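Encoded as structure tokens, the structure appears first; notes follow it.
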There are 4 protein chains.
Amino acid sequence: MEADAAILQAARELLGESGYEALTMAGVAARAGVAKSTLYRRWHGKAEVVFAAALHPPELEPPDLGSLAADLAAVAAHIAGDLGQPAVAGALLGLMGEMAASPRLAGDLRGRFVAAERRLFATVLGRAAERGEVAPATDPDLALEVLLGRLLVRACFTGLPVTAAEGARTAAVLARGLTEEGR
Amino acid sequence: MEADAAILQAARELLGESGYEALTMAGVAARAGVAKSTLYRRWHGKAEVVFAAALHPPELEPPDLGSLAADLAAVAAHIAGDLGQPAVAGALLGLMGEMAASPRLAGDLRGRFVAAERRLFATVLGRAAERGEVAPATDPDLALEVLLGRLLVRACFTGLPVTAAEGARTAAVLARGLTEEGR
Amino acid sequence: MEADAAILQAARELLGESGYEALTMAGVAARAGVAKSTLYRRWHGKAEVVFAAALHPPELEPPDLGSLAADLAAVAAHIAGDLGQPAVAGALLGLMGEMAASPRLAGDLRGRFVAAERRLFATVLGRAAERGEVAPATDPDLALEVLLGRLLVRACFTGLPVTAAEGARTAAVLARGLTEEGR
Amino acid sequence: MEADAAILQAARELLGESGYEALTMAGVAARAGVAKSTLYRRWHGKAEVVFAAALHPPELEPPDLGSLAADLAAVAAHIAGDLGQPAVAGALLGLMGEMAASPRLAGDLRGRFVAAERRLFATVLGRAAERGEVAPATDPDLALEVLLGRLLVRACFTGLPVTAAEGARTAAVLARGLTEEGR
DNA sequence: GGATAAGCGAGACGGTACGTCTGGTCTTTCG
DNA sequence: CGAAAGACCAGACGTACCGTCTCGCTTATCC
């Protein structure tokens, strides 16, 4: 449907311009040239619209570049390319606030930002263990949390730029930290 | 004033119980046994009340334990002790959503969580550089962002426990990562 | 709309029961089984709701009963039937208090109680002049003010009954007073 | 006390400027250079302050000018001199609205405007009956209501001038109407 | 090819929180 | 010791938004 596209586009624009709080269902509908009921027919509320508008499921095959540092940098670049968009950061900020009230949304959000990446980290660290770069039991979640965490802090908190370069710096430190962990 | 204490206590309780969205000015007033106007006389809105209730300025002298890893672990424990409280995490979640709409609040929030810790990290990393543990030009912000970031992700996103132990793990990886950075 | 009727009915009841001051927008909404926002969507405030509820525009064709006294009595009976209702008197009491603050309301109120009746008095007195009962130049406004005034004083001030019979007494005195005026 | 005078003066000014609704206890206190608590120490609420400020007890000996018309004109002039002041009209408008809620105030107000004048009308009409101008059983209250009513309508409703001349016109019509009543 | 169902724009509605205002009480401070 | 200053409780006010709903109108489908 073309209404979908107009709605999500409008939502993205408003998110980028004024943030989650200021985004209004009526406002989105108006900018999209659509009735409010159309929004609610497709999604179940503001949170879902915003989620759908700004938070596409990411798709990245686990990189296999020959070293943990390189692999982590690739993943970090991917995350940075995502969080670096104002609409994504804005959506995240608002949606996080509603996680407490809505477990369903909390699940979606975690799935989007954590579960999906988890597989990547498991694979990447598994390969690194095979290569002998890290101890076999190294926890992939710690790596995920560190990488995501720093970029998230920059995107949602300090407002500092979230770029692939910054992701790479984090990846470098993290790779070194993990490498030495078991020794 | 004793009204202050009752209000902030009520706000903390409600934050911990139901989160930011569900917290109501009227609800806070009622639980505190206070008139709504008293809230508005002291603060300018829900955001400010929550900020005042949950986000006390932290106070920690830069630790000096002889090694970068130990110092970072101490700082991480401090942050974890803060973010680990449900009220703090709840407040943070909600307030972050309003940062886009209110630059003033954004400033306060950043001041509370970033600026205050920045001095600590500068000192800690400065001492580590003197000791030769890290390169002299090591960026303290990266360390801050990594440490804060991972705990924030756990507190606000995955809901996993935020403990001193987890802080210490992060600190260990980070210290190693930084140590090797310049070599 | 059926909401209108419920709202106005509720407002009339509350007006009659407890008067203007005690009437609350929330109270009206609750009794009408309606949301407060519905009240404000249709009217711009308490004053307008009360006006709409209690002060329907009166409709009376100028009576032509053959004598000034009879015509005035008919008009007086009409006014008495209006002001005699508790809701009307209650509304009037409250709304008059807000006339000073709101010129718009003052205009409405004057239109409702004065302008509408003015035509009647002009016609009635015109016919009486043709019949030779009163001087041609007799001021219709004086008659209106006397008739309305006495009933208003009883309705809003002394709380004495406002009936057609009282209206007739006033009309009788007034008719006689006007008749002789020019002689 | 000099505070009394300042308060009542301030109240009169605000009444004349913006009417009863817009008059605020805090506003009166501020303009009088006095604390709000001082108002409440002397009077029991806004209504009483306004009453005290604008509605002095009237003092008029029953006139005895030889004819009913003249006597009524004298009384009417007295009433007109009172109601003609903006502060008095403004006070009346507001206070009438609170009569329903406060029987005590209703009593005061009626005493001020009705009971006090009643004696006058009884005397005046009694003398007129002795003179043979009116039937002995003529109801003084009707005369009072007509005279007061018309001036009240002008003062509080239409905002037309309330002068002794207008009072005299009413008195003339009324006197004639009463004179003929018994014949 | 005309009935029929589905989608849509428009916007009223119930509900609820917000932040403001005022009335009236009570406490603290100063002359 | 009384008055000024003003904090405080209570609660109504009017606004904004959410999510539901009922209308017609348009469009595609199916008999």
Side-chain angles (χ1 to χ4, degrees), chain A residues 1-4 6-7 21-30 32-49 98, chain B residues 1-4 6-7 20-30 32-49, chain C residues 1-4 6-7 21-30 32-49, chain D residues 1-4 6-7 21-30 32-49 98 101:
Chain A
M1 325 258 179
E2 72 188 48
D4 271 50
I7 291 167
E21 289 285 327
L23 178 145
T24 285
M25 291 300 261
V28 173
V34 142
K36 219 164 34 122
S37 47
T38 300
L39 300 201
Y40 285 100
R41 201 172 302 115
R42 292 161 199 269
W43 300 281
H44 291 150
K46 173 170 165 175
E48 290 201 5
V49 171
E98 304 204 356
Chain B
M1 324 261 181
E2 74 187 46
D4 269 50
I7 292 168
Y20 182 87
E21 290 285 327
L23 178 147
T24 284
M25 291 300 262
V28 173
V34 142
K36 217 163 39 119
S37 47
T38 300
L39 301 201
Y40 285 101
R41 199 172 306 113
R42 291 161 196 271
W43 301 281
H44 292 149
K46 174 171 163 174
E48 291 200 5
V49 171
Chain C
M1 328 260 179
E2 73 187 45
D4 270 51
I7 292 168
E21 290 286 325
L23 179 146
T24 283
M25 292 301 260
V28 172
V34 142
K36 212 163 47 120
S37 46
T38 300
L39 300 202
Y40 285 102
R41 204 172 299 115
R42 291 162 195 272
W43 300 280
H44 292 148
K46 175 171 164 174
E48 290 200 6
V49 171
Chain D
M1 324 254 180
E2 73 188 46
D4 271 50
I7 292 167
E21 288 286 324
L23 178 145
T24 285
M25 293 300 263
V28 172
V34 143
K36 221 168 31 130
S37 47
T38 301
L39 300 201
Y40 284 100
R41 199 173 304 113
R42 292 161 199 266
W43 299 280
H44 292 150
K46 174 170 163 173
E48 291 201 5
V49 171
E98 304 204 356

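First the proteins, then the strands, lettered A, B, ... as listed; each starts at 1. Quick caveat: nothing in here was measured; it's all calculated off a predicted structure.
- dT22(E) atom P lies 15 Å from atom CD of E98(D), rounded to whole Å.
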Each nucleotide in nucleotides 15-20 of chain E should get exactly one letter: B, S or -. Can you fill that in based on protein heavy atoms under 4.0 Å? B-SSBB
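- Atom-to-atom, CG of L39(B) to C1' of dA7(F) comes out at 14 Å; the value is rounded to the nearest Å.
- The separation between I7(D) atom CD1 and dA5(F) atom C1' is 14 Å, rounded to whole Å.
- For A30(C), the side-chain contact (heavy atoms from CB on, under 4.5 Å) criterion is met by no residue, not counting sequence neighbours.
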Under 3.5 Å, N/O pairs linking protein and nucleotides 27-29 of chain F:
none

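- Taking atom CG of residue D4(C) and atom P of nucleotide dA12(E), one finds them 12 Å apart after rounding to whole Å.
- Contact annotation: the side chain of M25(D) never approaches that of V28(D) to less than 4.5 Å [non-hydrogen atoms, C-beta and beyond].
- We find the OH-CD distance between Y40(A) and E48(A) to be 11.0 Å, quoted to the nearest 0.5 Å.
- Between the C1' atom of dT15(F) and the CH2 atom of W43(C) lies a distance of 18 Å, rounded to the nearest Å.
- If you take CH2 on W43(B) and CZ on R41(B), they are separated by 11.0 Å, rounding to the nearest 0.5 Å.
- Residue E21(D) holds its CD atom at 10.0 Å from CG of L23(D), rounded to the nearest 0.5 Å.
- Nearest heavy-atom pair across A35(A) and A29(A) is C-CB, 4.0 Å.
- Between T38(C) and the phosphate of dA12(E), there is no side-chain N or O to OP1/OP2 separation shorter than 4.0 Å.
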